[in-house]
Amino acid sequence: MTHSTMSIISTDLVLLDVDAGADKEAVIGRLAVRLADSGRVSDGAALQEAAMAREAQSATGLPGGIAIPHCRSSAVTTPSIGFARLATKVDFGAPDGPADLVFLIAAPDGAGAEHMKLLSSLARALVRPDFVQSLRDAGSADDVVSLVDGVVNPEAAKPAAPSAAPEAVQAKSIVAITACPTGIAHTYMAADALKLAAERAGVSLTVETQGSSGSTPVSAETISGADAVIFATDVGVKDRQRFAGKPVIASGVKRAINEPDTMIAEAVAAADNPKAARVEGTAAAADSGAPAGGVGWGTRIRQILLTGVSYMIPFVAAGGLLIALGFLLAGYDIANSPDGAEQLAFGMNSLGSHIATTNTLTSLPAGGLTQYLGAVLFTLGGLAFMFLVPALAGYISFAIADRPGIAPGFTAGAVAVFVGGGFIGGIVGGLIAGFAALWISRWKVPQWFRGLMPVVIIPLVASLIVGLLMFLLLGRPLAAITSGLTNWLNGLTGASVILLGVILGLMMCFDLGGPVNKAAYAFATAGLNVADPASLRIMAAVMAAGMVPPLAMALATTIRPGLFSEPERENGRAAWLLGASFISEGAIPFAAADPLRVIPSMMAGGAVTGALIMAFDVTLKAPHGGIFVFFAIGNLGWFLVALAAGTAVGAFTVVGAKQFIRTASLAETSI
């Protein structure tokens, strides 16, 4: 008997007690052929490729010998489920071993909601031991079809006695916070991964995505009803005190992308464990001094530093582009100081600042309205740039001590600029201010005095501590370190400067917007000075190398589209613009699906570009904008040559890697 074509599963999609191959690619290939033969899929190989791309993101094996590989593909014409009960178990990445029950869920490319409905309905049924045992005991394909139809298409199922027992169990409620430094890519990838894992586990999950792009806070009611909290962040959690007292599981954002099922399971376990780590009433760690939620001090310090970088980046982008527009309108001479005058930071005694403060719309300078507007934009950008180090220090302190740390942190950053400590001084000052504010917040004071602590006492005393330390002890050593680093960079020549370009290129392409990438970018932007050629070369190397990954993947999907799934090809088309705009995150979907082949290939391309930028003495006066700030690039022709060379190296390297590995693997699964 075969069900109607509208059914999600039919007997011709069921394989019972078969040997479908030695690995998951073979099993998926066998089921994909069945779906293609049934007319539900136009191209079985394309479906297999899309399912394997999904497998590369995270394992689909579930405890109990079950696997649910799934994907969306343009090759799918009808949402369908293929099922195989294997005679020989195959590993799908479940923690307790290989699987003998495999469901391949195939949804059309645009059917995201339908795909999720299928997946969640089936996943919830698979946590019921009686349903799983019924699949193992099924004597025919008809029995399997009836069982599966009953859970994924309950409206069409025959009326049956209510089975309230499994549903009577109260589902756990979890709140998750995801946040990467930019809030563009990793933040939402982690949120989606956790949502999908929660669906599989039958857990109620509410996610608040944080980052520099903003967020919609979870309601107090939802937090109050939550059994546990997940913090999957690379930066400090905003308003962490909202979750005070809740059991917490904490990690970096990438763990939520790679191991979402494990994190959901850990949160469920923590909810029932009275000894589980809990969120403190402030952003601080536990009273013991150890970071809460299982995060080590190495990860915690990384989160603290990335919080500062995250909040600094908007000042970089806005200020840098305003400066670049000022150059476009008024020329580079507006950055020069009057003869004999000392060059001040951020062009505050430059020709541009002089014109902006002394001329008006009715009293224009010799260069006319264009020069006046350019000078105003240049000065605005310089003023925005003045907040780089204070914002870095202020939000490093915020990540440690929450709001009471902001004022002493900004003060520490301002002192670092004043004494010449630069961004190194900002980092040191921010850490001191934050831990000072945290220490003061733990003072035992009378109840009547507590209201003054966060708004008066903590900012005052912490600012006093960090200010005195910076002026009396640390200011001159930090200034000497910064000056020495600047002089060393200015003195680099020949092979040394090329090696620096290689290192910066590798860092920019290693984690595509992650901590290493952000460290290289912060190093370049914090030291950017239009009067310092070395800093301009570093900025050019960093931006050009950061443009390589999305452009390389766009080129790779264009020259060898058959090596990529349809969603990847669509991402490739979008990556042209992302790469041209210097948004490295445009390559993240490719790296997440195939990190071992994509990331080394991108690093190779970035290293080539960084080296060529340094070798050709290319400079850049704007910290962002990609090819759209071409007017701020010195030696534009060589910039384009270096960018094209790195893009080509990255693209051909990843094509070669995919071609070499793919040839061997697909030969075994052609059925």
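Numbers here are sequence positions counted from 1.
- Using a distance-only test at 3.5 Å, with no hydrogens or angles considered, no donor-acceptor pair links the side chain of Arg255 to the main chain of Ala232.
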Step-by-step side-chain contact (heavy atoms from CB on, under 4.5 Å) determination, Met508 to Thr609: CA-CA 11 Å; Met508 288 302 295; Thr609 293; over 6 Å; no

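- Ala46 and Ser73 make their closest contact through O-OG, 4.3 Å (heavy atoms, listed as atom of the first residue, atom of the second, distance).
- No side-chain heavy atom of Glu266 sits under 4.5 Å from any side-chain heavy atom of Glu259.
- The shortest heavy-atom contact between Pro217 and Glu208 is CA-OE1, 3.3 Å.
- Smallest separation of non-hydrogen atoms from Val466 and Pro408: CG1-O, 3.9 Å.
- Residues Met453 and Ser441 have side chains not in contact (no heavy-atom distance under 4.5 Å, counting atoms from C-beta outward).
- Residues Met602 and Val654 meet the side-chain proximity criterion, which asks for heavy atoms closer than 4.5 Å.
- Note that the CD1 atom of Ile264 and the CG atom of Leu205 stand 5.0 Å from one another [nearest 0.5 Å].
- Interatomic distance, Ile432 CD1 to Ile427 CD1, rounded to the nearest 0.5 Å: 12.0 Å.
- Cys71 has its side chain within reach of Leu47: a pair of non-hydrogen atoms, C-beta onward, lies under 4.5 Å apart.
- Ring geometry, Tyr395 versus Tyr311: the interplanar angle falls under 30°, so the pair is classed parallel (tilted spans 30 to 60°).
- A side-chain donor-acceptor contact under 3.5 Å links Gln48 to the backbone of Glu25.
- Taking both residues in full, the closest heavy atoms of Gly426 and Ala416 are given as N-CB, 3.6 Å, listed atom of the first, atom of the second, then distance.
- No side-chain heavy atom of Ile249 sits less than 4.5 Å from a side-chain heavy atom of Phe231.
- At least one donor-acceptor pair under 3.5 Å links the side chain of Ser397 to the backbone N or O of Gly405.
- Here Ile304 contributes atom CD1 and Ile400 contributes atom CD1; the two are 4.0 Å apart, rounded to the nearest 0.5 Å.
- Note that CD1 of Ile28 is 12.0 Å distant from CD of Glu49, once rounded to the nearest 0.5 Å.
- A donor-acceptor pair under 3.5 Å is formed between the side chain of Asp227 and the backbone N or O of Ser173.
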Evaluation steps, side-chain contact (heavy atoms from CB on, under 4.5 Å), between Arg242 and Val175: CA-CA 11 Å; Arg242 294 176 292 161; Val175 172; over 6 Å; no

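- Within the 3.5 Å criterion, the main-chain N or O of Ala226 finds a donor-acceptor partner in the side chain of Lys246.
- When atom types are taken as modelled, the side chain of Ser224 and the backbone of Glu221 share no donor-acceptor pair closer than 3.5 angstrom.
- Side-chain contact check for Lys24 versus Pro69: every heavy-atom pair is 4.5 Å or farther apart.
- Of all heavy-atom pairs spanning Phe92 and Ala67, the tightest one is CG-CB, 3.4 Å.
- Rounded to the nearest 0.5 Å, atoms OG1 (Thr206) and NZ (Lys195) are 9.0 Å apart.
- Note that CG of Leu104 is 11.0 Å distant from CD1 of Ile68, once rounded to the nearest 0.5 Å.
- With a 4.5 Å cut-off on side-chain heavy atoms, Leu555 and Trp576 count as touching.
- Side-chain atoms of Val248 and Phe243, non-hydrogen and from C-beta on, never get closer than 4.5 Å to each other.
- Here the shortest heavy-atom pairing between Ala552 and Ala651 reads O-CB, 3.4 Å.
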